[in-house]
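Quantities reported herein were computed from a predicted structural model and do not represent experimental measurements.
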Amino acid sequence: MEKYDFVINGLPIPPLLVAAIRHGKWRPPSDPGLIRAVFGETEPESPQFYDLASMVPQNRRLPERSVRQVYGEVVEGTSVGLNPRKAVYIGDLGIDKPIALDYRRSLDDPRVLYLGQTGWVEVAESVHVLLRKLDLSN
């Protein structure tokens with residue numbers, strides 16, 4: 001694993017996301033239609049994309065939580081659910097609607113999950129793809 005500028009609960013935050021946050025690009029798009037297209041959410045409730053300082057308290061107790069407390073059963077060897085010891089919340093689309101980095105497949109290039117109405121769904125295979133989908137990579 002390469003050296004990272006920002007680590008939460010022992011998990012490295014991808015440099016692209018750190019750069020987007022530091023340059024003020026990591027914020028919800030002003031077009032709610034774009035959020036709906038990416039996350040499949042019909043009506044986001046006050047979406048928040050966390051800055052680095054906010055990520056720390058948002059994730060402080062996450063590794064201690066049980067799988068049930070993070071809304072979904074983990075099926076080992078699959079991509080189902082969310083393992084709280086291998087995840088970092090990076091935002092939310094409202095109460096109980098978190099956006100998370102899922103490190104089960106890779107510490108260097110986590111995928112992005114969202115807790116939708118049907119459970120955890122993959123919205124992007126990487127932070128790079130998410131930034132592109134949200135038109136935040138410019």
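A salt bridge is defined here as a Lys NZ or Arg NE, NH1 or NH2 lying under 4.0 Å from an Asp or Glu carboxylate O, and Glu125 with Arg105 fails to meet this definition.
In this structure the side chain of Asn83 never reaches within 4.5 angstrom of the side chain of Tyr103, judged on heavy atoms. In this structure, Leu107 and Pro12 have side chains that are in contact, with non-hydrogen atoms separated by less than 4.5 Å. Contact of the Asp102 side chain with the Pro110 side chain is not registered, since no non-hydrogen atoms from C-beta on lie closer than 4.5 Å.
Clustering ILVMFWY residues whenever any of their side-chain heavy atoms sit less than 4.5 angstrom apart, transitively, puts Val129 in a cluster other than the one holding Tyr114.
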If you look only at distance, which donor and acceptor atoms sit under 3.5 Å apart when one is on a side chain in residues 50-57 and the other is two or more places apart or in another chain?
from: Tyr50; atom 1: OH; to: Asp92; atom 2: OD2; distance (Å): 2.6
from: Asp51; atom 1: OD1; to: Ala53; atom 2: N; distance (Å): 3.3
from: Asp51; atom 1: OD1; to: Ser54; atom 2: N; distance (Å): 2.7
from: Asp51; atom 1: OD1; to: Ser54; atom 2: OG; distance (Å): 2.8

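One distance of note links CD of Glu45 with CG of Asp96; it measures 9.5 Å at 0.5 Å rounding. Once rounded to the nearest 0.5 Å, the distance linking CZ of Arg104 with NZ of Lys86 reads 8.5 Å. Going from atom CG of Leu17 over to atom CG of Leu101 covers 6.5 Å, rounded to the nearest 0.5 Å. From Arg85, atom CZ reaches atom CG of Leu11 across 11.5 Å, with rounding to the nearest 0.5 Å.
Pro47 meets the side chain to side chain contact (heavy atoms under 4.5 Å, CB included) test with Pro28, Ile35, Pro44, Leu93; sequence neighbours excluded. The side chain to side chain contact (heavy atoms under 4.5 Å, CB included) check on Leu131 picks up Leu16, Ala20, Trp26, Val127, Leu136, Ser137, with sequence neighbours excluded.
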Notebook entry, point to check: Does the side chain to side chain contact (heavy atoms under 4.5 Å, CB included) test come out yes or no for Gln48 and Ile99, once each step is laid out?
Noted result: CA-CA 9 Å; Gln48 298 180 51; Ile99 304 164; over 6 Å; no

Notebook entry, point to check: Taking it one step at a time, do Asn9 and Val88 satisfy side chain to side chain contact (heavy atoms under 4.5 Å, CB included)?
Noted result: CA-CA 8 Å; Asn9 298 333; Val88 171; 5.6 Å; no

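Between Phe39 and Phe49, the ring-plane angle classifies as perpendicular under the 30° and 60° cut-offs.
Shown here for Ala87 and Asn59, the closest heavy-atom pair between the two residues is O-OD1, 4.5 Å. Minimum heavy-atom separation, Val123 to Lys133: O-NZ, 2.5 Å. Shown here for Leu82 and Ala100, the closest heavy-atom pair between the two residues is CD1-CB, 4.2 Å.
Residue pairs satisfying the salt bridge (charged side-chain N to carboxylate O under 4.0 Å, His left out) criterion with at least one member in residues 12-22, sequence neighbours excluded, are listed as follows: Asp5-Arg22.
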